[in-house]
Amino acid sequence: MRSSQLFGKTSKTEGRDYKVSSHRLLIQAGFIRESTAGRYYLLPLGLKVHDRIIKIVRRHMDAAGAQELVMPVLHPLDLWKETNRTTTTGFELMKIEDRRGAEFALGGTAEEMAVDLVRKFNISYKDLPFNIYQFSMKFRDEMRARGGLLRVREFVMKDAYSFSTEGQFKEIYQQMRDAYTAIFEELGLKTDIVAADNGYIGGEYCHEFVAESQEGESRYFIDEKSGYGAHEDVAVFHIDEKNTDEPLKPLEEVEAVRGKTMEEGVKLHNLPLWQQTKDVLFFDEATKRYILAVIRGDFDVNETKLMQVADAWDLRAATDQEVIEDLVSMPGFISPVKMVKKGKKSGYPVVIVADKSLRTVHNMYGGANKKHQDLLNITIDRDYQPDIEADIALAQPGMKSPEGGELLEKRGIEVGNIFQLGYHYSNLMHDAEYTDDQGRRQKYYMGCYGIGIGRTLAAIVEAHHDDKGIVWPENIAPYKVCLVRLGDTIGNTKGVVSAADDLYNRLTEAGVSVLYDDRDARPGEKFADADLLGIPYRIVVSEKTVQAGKHELKKRIEADHQSLGAEEIIKALRA
RNA sequence: CGGAGUGUGGCGCAGUUGGUAGCGCGCAGCGUUCGGGACGCUGAGGUCGGCGGUUCAAGUCCGCCCACUCCGACCA
């Protein structure tokens, strides 16, 4: 490809103050261009890289036995209604109508479509297991696009859906896990595999592949000793016993003139923070229930865990007014002890969710549902009965992992994930069944597996760039080598043009992908662009090199070049 | 969706108390240059986000929309 003919330009100035390097570099180097927020033109250079990533993903998916196909982008809305995903929160569906009023969702993920396709074939156990996948445009009505390609509203995703029996599933899940590990390794991305929340996708467990990066939006924990890794939302940790050897004392109500913070309680009673109860009141708009989360004072409530155990969908903090008027309590003094079980005015039920850390402390203290009154020696079961008891605690860096090591906090870009879906979709959708060897109808056991191609591309740039520009790993670079021709407009160096043209033709014939900078531009601009574009190798042909009969070959990441004859250069690059 | 902010040639910006729309980069032409983003001259390019209002007069003041950026709650 000749630079003079390449559509898309680099720019010297950085323009706006881009916060994310990959965002700035991809725009500056002419790989992408923004259309509207979160929607990008993929320019010829960008598409080349995108295609190379797809090729690698496809090769590994095929090797793992998955089969590629393509599904429609417009999904009949009725399918999404079957699984109630038109109403559950998560991403908002983009809806569209045709001229007859038929309703469609712009596909954001395709579990329903996959099930709908498979059930059309009325399969038997002999057909299982199988795994189908596609590369297709996904639409997400994201609240806020961010960081260039890191979070967008339209993107190509590789999404795979496996169908199997429950017994076969484990192996498929492991196969995908292995395939992903190999994919990201080949793409030059170091990823951590972390347990995560299934969210609106459904199912019981899933793992994210996270490329460590400061620009990432995922916060997660790793125990490097044991390899335990988990997203902040689901991370579990070892809870230490506190004073469980202390004898239980009778409940006592005392005057407590204090503010609303935990610290003020600690000061007033001169007791440790961990002995205090932390009572956080939420309201779930989806199910119209108050949810009181009770936890040990030195821990925080993990809302994702809370939502899961309480089966809540749309949690918000309760207002002071609700606390006072509806629940007859007092902000800062809320307590599960003698808590009303129903809103006085609203009639909405109150669900008490207790964290299991409450079992590690005796004689706790906290509010008494009255202004400036506290309770001492609160004891679970005796003084209050939780409706649900579970792990709802938020892990913090430095805590002990369940395997014993220390939890290390990291940030990263979620480039892929694998989900166990189990019977989630086949329970919700009719006829999602196969016939087993006894002739009985059985539900499909499913999994799904996604990789965001554009986000992966951006994550690679995040991991591979320097102050001069992008440094593409060789296997996904848009071109292997950039052939820079210098001094082309000087009348007395005509030999340069023919030497460069000749080398370009021979390299191309040898199967080496070349970006030939034949532009009528000054050397500085050409060098700067070659660096910015991140092409792994650079050849310089100039008056000097033509006279010497040896041109310069240099790697993008190295400072020094080699002087080699044309034949040697071709040999070196052909490999 | 909550908070903050910005909309003026392709990009980045300036525009005073309302009174002829400017600068830098980029682009086109000519000339001089040519190993790390040169310089001179000439030129093209703008319904000032949209609609409405105030005014003799609106980029500037008022109102309502729209779009975008950043920070938070969500995801490949």
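Lettering of chains follows the sequences in order, A, B, ..., and the numbering in each one begins at 1.
When Watson-Crick and G-U wobble pairs are counted only if both distances are under 3.5 Å, rA73(B) pairs with no nucleotide at all. In this structure, rU54(B) forms no base pair with any nucleotide, since neither Watson-Crick nor G-U wobble geometry is met with both distances under 3.5 Å. Searching all strands for a Watson-Crick or G-U wobble partner of rA21(B) with both distances below 3.5 Å returns nothing. Figure legend. rC68(B) is base-paired to rG5(B); pairs are counted as Watson-Crick or G-U wobble with both atom distances under 3.5 Å. Base pairing of rU47(B) is not made with any nucleotide, judged by Watson-Crick or G-U wobble geometry with both donor-acceptor distances under 3.5 Å. Base pairing of rG26(B) is not made with any nucleotide, judged by Watson-Crick or G-U wobble geometry with both donor-acceptor distances under 3.5 Å. Base pairing analysis places rU33(B) opposite nothing; no Watson-Crick or G-U wobble pair with both distances below 3.5 Å involves it.
Arg538(A) comes within 4.0 angstrom of a base, heavy atoms only. Residue-level contact check: Gln28(A) touches neither bases nor backbone, having no heavy atom under 4.0 Å from any strand. Among the heavy atoms of the strands, none lies under 4.0 Å from Glu303(A). At a threshold of 4.0 angstrom between heavy atoms, the contacts of Thr36(A) are confined to the sugar-phosphate backbone, with no base atom among them. In this structure, Val540(A) reaches the bases: a heavy-atom distance under 4.0 Å links it to at least one base atom across the strands shown. Residue contacts shown for Arg144(A) include a base, since a base heavy atom lies under 4.0 Å away. Here Ala37(A) lies in heavy-atom contact (under 4.0 Å) with sugar-phosphate atoms only. Within the 4.0 angstrom heavy-atom criterion, base atoms lie near Thr545(A). No engagement by Asp159(A) is indicated, since no non-hydrogen atom pair under 4.0 Å with the nucleic acid exists. Using a 4.0 Å heavy-atom distance criterion, Tyr449(A) is classed as making no nucleic acid contact. Across all strands, Val152(A) comes closer than 4.0 Å to base atoms (heavy-atom distances). Across all strands, Lys158(A) comes closer than 4.0 Å to no nucleic acid atom at all (heavy-atom distances).
Listed pair Lys138(A) / rC75(B) fails the phosphate criterion, with no side-chain N or O lying under 4.0 Å from OP1 or OP2. Here Arg151(A) does not reach the OP1 or OP2 of rC75(B): none of its side-chain N or O atoms lies under 4.0 Å away.
Checked by distance alone, Glu525(A) brings no side-chain donor or acceptor within 3.5 Å of a matching partner on the base of rG35(B). Between the side chain of Arg146(A) and the base of rC71(B), no donor-acceptor pair under 3.5 Å is found.
Taking atom C1' on both nucleotides, rG31(B) is separated from rG35(B) by 23 Å, rounded to a whole Å. rG46(B) and rC1(B) have their C1' atoms separated by 36 Å, given to the nearest Å. Comparing rG24(B) with rU8(B), their C1' atoms are spaced 15 Å from each other, to the whole Å. Between rA58(B) and rC11(B), the two P atoms lie 27 Å apart (nearest whole Å). rC25(B) sits 29 Å from rU60(B) when the P atoms are compared, rounded to a whole Å. For the C1' atoms, the distance linking rC48(B) with rG18(B) amounts to 15 Å, nearest Å. Between rU16(B) and rG52(B), the two C1' atoms lie 27 Å apart (nearest whole Å). The gap from the C1' atom of rG49(B) to that of rC39(B) amounts to 38 Å, rounded to the nearest Å.
The backbone N or O of Tyr161(A) lies less than 3.5 Å from a partner atom in the side chain of Asn131(A), making a donor-acceptor pair.
For Ala528(A), counting side-chain heavy atoms from C-beta on, the closest listed nucleotide (rC74(B), rG10(B), rG36(B)) is rG36(B). For Pro523(A), taking side-chain heavy atoms from C-beta onward, the closest of the listed nucleotides rG36(B), rG35(B), rC70(B) is rG35(B). Of the listed nucleotides (rG35(B), rC11(B), rC25(B)), rG35(B) has the atom at the smallest distance from the side chain of Leu486(A). Distances from the side chain of Arg140(A) to the nucleotides rG26(B), rG10(B), rC75(B) place rC75(B) closest. Across rG35(B), rC75(B), rC71(B), the shortest atom-to-atom separation from the side chain of Glu414(A) is found for rC75(B). Ranking rC70(B), rG37(B), rA76(B) by closeness to the Leu532(A) side chain, first place goes to rG37(B). For Met157(A), the side-chain atoms get nearest to rA76(B) when compared with the rest of rG37(B), rA76(B), rG36(B).
Stacking between Phe527(A) and rG37(B) is absent: the aromatic ring centre is not both under 5.5 angstrom from the base six-membered ring centre and within 30 degrees in plane angle.
Note: Tyr290(A) and Phe283(A) have perpendicular aromatic rings, judged against thresholds of 30 and 60 degrees for the angle between ring planes.
Contact check for Phe209(A) versus Leu189(A): no side-chain heavy atoms found under the 4.5 Å cut-off.
Atom CZ in Arg24(A) sits roughly 17 Å away from atom C1' in rU69(B) (whole-Å rounding). Straight-line distance from the CD atom of Glu543(A) to the C1' atom of rG35(B): 11 Å, rounded to whole Å.
Arg2(A) and Asp517(A) are not joined by a salt bridge, as no carboxylate oxygen comes within less than 4.0 angstrom of a charged side-chain nitrogen.
Looking at which nucleotide of RNA chain B each of Ser218(A) and Glu34(A) is closest to, the 5′-most match is held by Glu34(A). Nucleotides of RNA chain B nearest to Asp529(A) and Gly454(A) differ in position, and the one nearer the 5' end is that of Asp529(A).
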Please step through side chain to side chain contact (heavy atoms under 4.5 Å, CB included) for the pair Phe135(A) and Met157(A), ending with a clear verdict.
CA-CA 6 Å; Phe135(A) 293 93; Met157(A) 179 164 81; over 6 Å; no

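Rounding to the nearest 0.5 angstrom, the gap separating the OH atom in Tyr205(A) from the OH atom in Tyr173(A) is 6.0 Å. To the nearest 0.5 Å, atoms OG1 (Thr545(A)) and CG (Leu564(A)) are separated by 11.5 Å.
The only option from Arg151(A), Arg144(A), Arg411(A) that meets the salt bridge (charged side-chain N to carboxylate O under 4.0 Å, His left out) definition with Glu217(A) turns out to be Arg151(A).
When all heavy atoms are compared, the tightest approach of Met446(A) to Val115(A) is SD-CG2, 3.4 Å.
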